[in-house]
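The structure under discussion appears below in the form of structure tokens.
The figures here come from the full heavy-atom set of this structure, side chains too, leaving out hydrogens, waters and symmetry mates.
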Amino acid sequence: MKINIKKIIQAILFLAVGVTLLYIVYRVNDKNYQAQCVQDNIPAEECDLLQKLFTDFQTVDWWWMIPIFACFMMSNISRAIRWRMLIEPLGKKPSMFNMFFSIMLSYFANMGFPRIGEFVRAGVIAKYEDLPVEKVMGTVILDRIADLIVFLLLCGTVAIFQWDNVMSMLSGGEEVQIGGLGTKVIILGALVIVGILVLRFIIKSTSKNKIIVKIQKIILGFWDGIKTISEIKRVGWFIFHSLMIWIMFFLMTYMGFNVFEPTKGLSLEAGLTVFVFGALGFVIPSPGGMGTYHFFIGEALKLYGVPAADGFSFANILFFALQIGCNATLGIVALILLPIVNKQKRAKSA
């Protein structure tokens, strides 16, 4: 009972953090909206950001949610296939049902406890497929490393081709010009090299620290799972699914522009930039990206002339459609079906 109470308290605290971040973003956008209303001579009583948000939700073209949901499903089917490719060298071929719904359950868990989803899906597969949890956790780490590599490539692409826009935003709206494409590539490459050198220095300087040594031992315990990367038989398919995951995620954002009138007609470049910024919002630990996702999406949309209030509405539309409509719904379905289906499967096997 104590453990359950502790988990409930932790969930409430994490949710409170997310709600607080979302409220802060709301207040900033509300202030900007009030200033815009004054500039446009709109009466104060007609200038309510919360009311605008409700009105904007009523104007959403929900038919576009069908292809967006299809992209969501395709992305996570690719994720399940890729993860199974990492597990197969352990001598087990998990069912696609368990792979897919354990991922859905992990997304649902992340809405309450940031980053706990990776442990949840590893535990689910370890339980239902009779595998050591530490080995499965090793494959989860590999899965996330593959995601990180693709995401960094996307960040690099945005940094190179949208350099002026991004630097303008970071400098508070001032124009920043730094040479041509070659110069930008060189600067980006130099930053990567400096980052690697700093990381190497940190690793060397802490290699004898007792706490670091303990962490290294824990990581080595995942080795059997991690080394499966060298035993993948279909490397081409692994790369294909790695790209497919992120292409589908990108299309979800790009097609999402058509849901809301103020964002209709934005370019592919805008879609890529907004997508990468939105992904950064999910990287920062908060329940399901609450608040952080809204902030980064709004800032990215400003680069393409979308007013702050409209950017806030768009972020909320996508956030609630994807987090509630996809992650929460399918997470609850996974919570119900996983034990039932696996119980029946074991009974049939026995």
Side-chain angles (χ1 to χ4, degrees), residues 18 22 25-26 28-30 32-33 36-37 40 42 46-79 104 107-108 111 154 158 162 165 244-282 288-333:
L22 182 57
V25 175
Y26 166 78
V28 171
N29 282 281
D30 184 49
N32 293 333
Y33 187 48
Q36 186 63 43
C37 286
D40 296 339
I42 298 174
E46 297 178 15
C47 196
D48 185 339
L49 182 59
L50 198 58
Q51 183 59 50
K52 171 181 165 49
L53 188 60
F54 289 137
T55 303
D56 288 340
F57 263 87
Q58 293 171 8
T59 65
V60 167
D61 185 354
W62 293 106
W63 286 106
W64 273 101
M65 288 299 172
I66 296 173
I68 289 172
F69 180 74
C71 287
F72 175 84
M73 294 296 289
M74 290 172 66
S75 173
N76 286 293
I77 288 170
S78 277
R79 181 177 295 283
M104 293 300 101
Y107 292 162
F108 186 48
M111 293 175 67
L154 289 172
V158 170
Q162 296 290 296
N165 280 335
M244 183 61 69
I245 290 166
W246 288 89
I247 290 171
M248 290 298 108
F249 276 153
F250 158 69
L251 288 176
M252 287 164 63
T253 299
Y254 181 62
M255 288 192 296
F257 287 160
N258 295 291
V259 168
F260 188 44
E261 190 62 37
T263 55
K264 278 185 178 179
L266 289 179
S267 65
L268 277 169
E269 288 183 352
L272 182 60
T273 304
V274 173
F275 164 66
V276 169
F277 273 69
L280 285 171
F282 284 117
M290 189 180 293
T292 52
Y293 175 80
H294 298 76
F295 170 76
F296 281 106
I297 287 287
E299 292 300 306
L301 285 171
K302 284 180 187 177
L303 300 175
Y304 301 96
V306 177
D310 289 331
F312 184 67
S313 289
F314 176 78
N316 275 286
I317 290 166
L318 276 194
F319 179 82
F320 286 104
L322 297 177
Q323 290 292 67
I324 307 301
C326 294
N327 291 343
T329 302
L330 288 173
I332 293 170
V333 170

(Q) Set out, in order, the CA-CA distance, both residues' side-chain angles and the distance that settles side chain to side chain contact (heavy atoms under 4.5 Å, CB included) for Phe277 and Ile297, then state yes or no. (A) CA-CA 6 Å; Phe277 273 69; Ile297 287 287; 5.8 Å; no
Q | Short side-chain to backbone donor-acceptor contact, Ser75 and Cys71, under 3.5 Å | A | no
**Q.** Side chains of Leu330 and Phe69 in contact at under 4.5 Å (non-hydrogen atoms)
**A.** yes
Q) Say you draw a straight line from CD1 of Ile245 to CD1 of Ile77; how long is it, rounded to the nearest 0.5 Å? A) 11.5 Å
Q. Any side-chain heavy-atom pair from Leu301 and Phe314 closer than 4.5 angstrom?
A. yes
**Q.** Nearest heavy-atom neighbours spanning Gly256 and Thr263
**A.** O-OG1, 4.4 Å
(Q) Would Lys52 and Asp310 count as a side chain to side chain contact (heavy atoms under 4.5 Å, CB included) here? Give the steps. (A) CA-CA 9 Å; Lys52 171 181 165 49; Asp310 289 331; 2.6 Å; yes
Q) What's the shortest heavy-atom distance between Ser313 and Phe260, and which atoms? A) CB-CZ, 3.8 Å
Q: Give, for atom CG of Leu154 and atom CZ of Phe249, the distance between the pair rounded to the nearest 0.5 Å.
A: 12.0 Å
Q | Atom pair CH2 (Trp64) and CZ (Phe257), whose distance is rounded to the nearest 0.5 Å | A | 12.0 Å
Q) Which pair of non-hydrogen atoms, one from Asn76 and one from Met104, has the smallest distance, and what is that distance? A) CG-CE, 3.4 Å
Q | More than 12 heavy atoms of other groups within 6.0 Å of Met255 CE | A | yes
Q | Minimum heavy-atom distance Tyr304-Ala270, with the two atoms named | A | CZ-CA, 3.6 Å
(Q) Tell me the closest heavy-atom pair linking Lys264 and Asn258, and the distance in Å. (A) CE-O, 3.0 Å
Q | Closest contact, heavy atoms only, Leu318 versus Thr253 | A | CD1-CA, 4.4 Å
Q.
What's the separation between atom CD1 in Ile247 and atom CZ in Phe275, rounded to the nearest 0.5 Å?
A. 10.0 Å
Q) Passes side chain to side chain contact (heavy atoms under 4.5 Å, CB included), Val276 versus Trp246? Steps please. A) CA-CA 10 Å; Val276 169; Trp246 288 89; over 6 Å; no
Q) To the nearest 0.5 Å, how far apart are OG1 in Thr292 and CG in Leu280? A) 9.5 Å
Q) What's the spacing between Phe72 CZ and Leu251 CG if we round to 0.5 Å? A) 14.5 Å
Q | Stepwise side chain to side chain contact (heavy atoms under 4.5 Å, CB included) test for Tyr107 and Leu322 | A | CA-CA 11 Å; Tyr107 292 162; Leu322 297 177; over 6 Å; no
